[in-house]
Amino acid sequence: TRENMPPLKGDILVHAEGSKEGQPIAISELGTDLVRAWPMGKGENGEDIIRKGDPNNILVVYHFPQGQLVAPTNLEATIQGQTVAYSDICTHAGCTVGGTGEGMLCPCHSGQYAPKRGCVVVGGPPPRPLAQLPIAAQGNNIVVTGFFLTMPYPYIHEAEWDEFK
Ligand code: FES
């Protein structure tokens, strides 16, 4: 179903938790604290569909001061080199990763990621970075511009990956 589909081009990112759950994320309210997001697309009748049917769709969004986001982050896929979105699913065994923009930590086996550097692995067993999701600004909201830049999640099948690319 559309609720289970991964983030798709044109989706808007909405808050996944807290008092603003379900509301579009405003770029101006973001910072280096972790903000979790779901992609929201359209249903068959044009209604809003939040894609939370698959827990693997959980995302994380940060906004850093200019100059702090560096390679291997793909800056072209960020908003003005400052706002960035990643999958929040650990590439080791699929736990939801916590922490902040200064450093992310997986609660399951202590995998560590560096959000300012493309969420590369800086500790523990994860085999790959948290996958960066390409985004752009749509007013003060965030729109998805394509599929993940690297393979997300631990268990995605190559065939599925090829389909989404
Ligand atoms: Fe994240 Fe194992 S699931 S380190």
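Just so you know, these numbers use all the heavy atoms, side chains as well, and skip hydrogens, waters and symmetry mates. Read the numbers this way: they start at 1 and go in the same order the structure lists the ligands and their atoms. Here the structure is a predicted model, which means the values were calculated and not measured.
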Worksheet item: Residues in side-chain hydrogen bond (donor to acceptor under 3.5 Å, both in side chains) with Tyr113, at least two apart?
Response: Thr91

Worksheet entry | Val35: which of Leu13, Leu59, Ile25 passes side-chain contact (heavy atoms from CB on, under 4.5 Å) | Ile25

Worksheet item: Do Cys108 and Cys95 have their SG atoms under 2.5 angstrom apart?
Response: yes

Worksheet entry | Any side-chain heavy-atom pair of Thr83 and Tyr62 under 4.5 Å | no

Worksheet item: Mind checking whether Ile135 and Leu75 sit in one hydrophobic cluster, side chains of I, L, V, M, F, W, Y counted as touching below 4.5 Å?
Response: no

Fill in: Side chain to side chain, Met5 and Ile49, heavy atoms closer than 4.5 Å
no

Practice prompt. Go around atom 2 (Fe) of ligand 1 and count every protein N, O or S atom nearer than 2.8 Å.
Written response: 2

